Amino acid sequence: MLTHIGVPAAPRTPAKPSDTAVILAFSGGGARSAAFGYGVLSALAEQRSPGMATRTLADDVAVVAGVSGGGVLAAHFALYGPTGLSGFRRDFLDQDPEASLRTSYTPENLLRAYRGGINDLSGFAAWLDDRLYHGATLRDVERRGRARLVLHATDLYNRAPFSFDRKSFLAICSDYDGFSLAHAVAASSAVPVAFTPIVMRNFNDACPVAGHRTSPTRPVVEASLFERHISDSQERYASASDLNYLKLLDGGLVDNLATSNLAGLMKQPAPEPLQPATARQLRRAIIIVVDAATRVGGDISNATEGPMATDTVVAATDAMIDNASRMSFDVLEQEATRWRDRLTHWRCNTRSPQAGCDKFEVKVVRLSLADVQEANEKARIMQLHFKLSLKPGEVDFLAGLGRRLLRGSAVYQRFIRAGG
């Protein structure tokens, strides 16, 4: 039986509910990020869930966020679950997505770059739809009852994240259920110039259903400047007369760790971002941020000359993105504590609170390729910086680092022991 063309029906979930939740965030970084995150997920699939005989921590993943290359993995896991991990290796990591793209330096491609981007929907998006997601839509991810997917791109008009969720589609009076998952992932991965922006129509000038759109609630005075910008951006979809089409590019431009979206969801009324049934039974949760950023240093400081223009652009871009990522991780860590307090208050103030409703711990772990110290491994990581396709040995290397860094995390090990 199929829930959608080419998408197999979900296997039956274990009868006994788990009291453990895993929340994942996969950073941008092309195939490097996907392979690194794949290793982390594989390690979770090999670790028994505390107190559960037939369940792993991969089964306990309740929310999976991703952006760019990490979004490719996040979307696949949300669609297929832990049983699809081997398929992700086979259908993406062991394939050559770059073969579907224009990558050569030709006059035609230079002209395409000048006009907005070299590769359009006929390239990567079509490849993803055909090889990986098999026609799945955003609704298919929800219907399968697996981990919640948190995915975003960058809205060039607002210079802000555009989240692929129902609230954002409501803001532009568009159809969430029928939107292609491959197009959403392609938008999140659309590196400027290498890709043309993914274009979405803003239907507010002729909304087909009266009252379909409701104005987003403005944030309270205590909201951060970033949160107010997100709210104002959604209001512009209805009020800005020149915002007829959204132009979406790589989500890493505004949130390369996929952590700002998570922190924003945690600030919403409890039990967001969890389902109520899941949130009521939890005793512990772990938030694992998988950061594939690599560039610190390099050879630009070996001599007084240089750097060349390309090196300058890369270093400047990385500086902006990576420092914003570090700050967004700090925000997530702080918000995790407040989220725990809000969730326990919500659980203990129901009509029939469960015993131990106030017993809930949250741990946050960051795994970063930048923390790898062995010289040969660091040099090898740097060689994989811009790749969308990897060789089998490179996949094994990065996946192995993901496994090793997770298992070597003292916070992760304490989390496992505490639940045993």
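All values below were derived from every heavy atom in this structure, side-chain atoms included, with hydrogens, water molecules and symmetry-related copies excluded. In this text the structure is predicted, and so the values were computed from the model without any measurement.
- For the salt bridge (charged side-chain N to carboxylate O under 4.0 Å, His left out) condition, the pairs that include at least one residue of residues 373-383, sequence neighbours left out, are E377-R404.
- For the residue pair D120 / T196, no side-chain donor-acceptor distance below 3.5 Å is found, with atom types taken as modelled.
- Side chains of S168 and Q234: a donor on one and an acceptor on the other come within 3.5 Å.
- Between A125 and A182, the closest heavy-atom pair is O-CB, 3.6 Å.
- Ring geometry for F162 versus Y237: interplanar angle over 60°, hence perpendicular rather than tilted (30 to 60°).
- Partners of R48 by salt bridge (charged side-chain N to carboxylate O under 4.0 Å, His left out), not counting sequence neighbours: none found.
- Listed by chain and number, the residues in a salt bridge (charged side-chain N to carboxylate O under 4.0 Å, His left out) with R347 amount to none (sequence neighbours excluded).
- The pair D140-R143 counts as a salt bridge, with a side-chain nitrogen and a carboxylate oxygen less than 4.0 angstrom apart.
- For E272, the salt bridge (charged side-chain N to carboxylate O under 4.0 Å, His left out) partners are R148, not counting sequence neighbours.
- Applying the side chain to side chain donor-acceptor pair (under 3.5 Å) test to D91 and every residue at least two apart in sequence or in another chain returns nothing.
- Between F195 and F124, the angle of the ring planes lies from 30° to 60°, which puts this pair in the tilted group.
- When all heavy atoms of P271 and W339 are compared, the pair lying nearest together is O-NE1, 4.4 Å.
- Looking at residues two or more places apart in sequence or on another chain, you find no ring pair (Phe, Tyr, Trp, His ring centres under 6.0 Å) involving H152.
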>> Working note: L343 + L274, criterion side-chain contact (heavy atoms from CB on, under 4.5 Å); need CA distance, chi angles, decisive distance, verdict.
In response: CA-CA 10 Å; L343 195 57; L274 302 175; 4.3 Å; yes
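- Screening residues 68-80 for salt bridge (charged side-chain N to carboxylate O under 4.0 Å, His left out) gives no qualifying pairs among residues at least two apart or on separate chains.
- For D19, the side chain to side chain contact (heavy atoms under 4.5 Å, CB included) partners at least two apart in sequence or on another chain are R283, R284.
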> Would D59 and S49 count as a side-chain contact (heavy atoms from CB on, under 4.5 Å) if you check the C-alpha gap in whole Å, the side-chain angles of each, and the deciding distance to 0.1 Å?
Replying inline: CA-CA 8 Å; D59 294 309; S49 178; over 6 Å; no
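- With sequence neighbours excluded, the residues that form a salt bridge (charged side-chain N to carboxylate O under 4.0 Å, His left out) with D177 are R166.
- Applying the ring pair (Phe, Tyr, Trp, His ring centres under 6.0 Å) rule to F397 yields no partners; only residues at least two apart in sequence or on another chain are considered.
- Remark: the T20 side chain and the D60 side chain contain no N/O donor-acceptor pair separated by less than 3.5 Å.
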Without placing hydrogens or testing angles, list every side-chain donor-acceptor pair under 3.5 Å for residues 256-264, not counting sequence neighbours.
from, atom 1, to, atom 2, distance (Å)
T259, OG1, S328, OG, 2.8
N261, OD1, S163, OG, 3.3
N261, ND2, S163, OG, 3.4

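- Note that OG of S368 and CZ of R326 are 8.5 Å apart. Values are rounded to the nearest 0.5 Å.
- Counting all heavy atoms, side chain and backbone alike, G402 lies closest to V40 at O-CG2, 3.7 Å.
- Applying the salt bridge (charged side-chain N to carboxylate O under 4.0 Å, His left out) test to residues at least two apart or on different chains, none of the pairs has a partner in residues 246-262.
- Scanning both residues, S68 and S188, for their nearest heavy atoms gives N-OG, 2.9 Å.
- Under 3.5 Å, the side chains of R139 and T137 contain no donor-acceptor pair of N or O atoms.
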> Taking it one step at a time, do F88 and V72 satisfy side-chain contact (heavy atoms from CB on, under 4.5 Å)?
Replying inline: CA-CA 10 Å; F88 185 76; V72 178; 4.0 Å; yes
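- Proximity of a side-chain donor or acceptor of R146 to a complementary backbone N or O of Y80 within less than 3.5 Å is detected.
- By the 30° and 60° cut-offs, the orientation of the rings of F92 relative to W127 is perpendicular.
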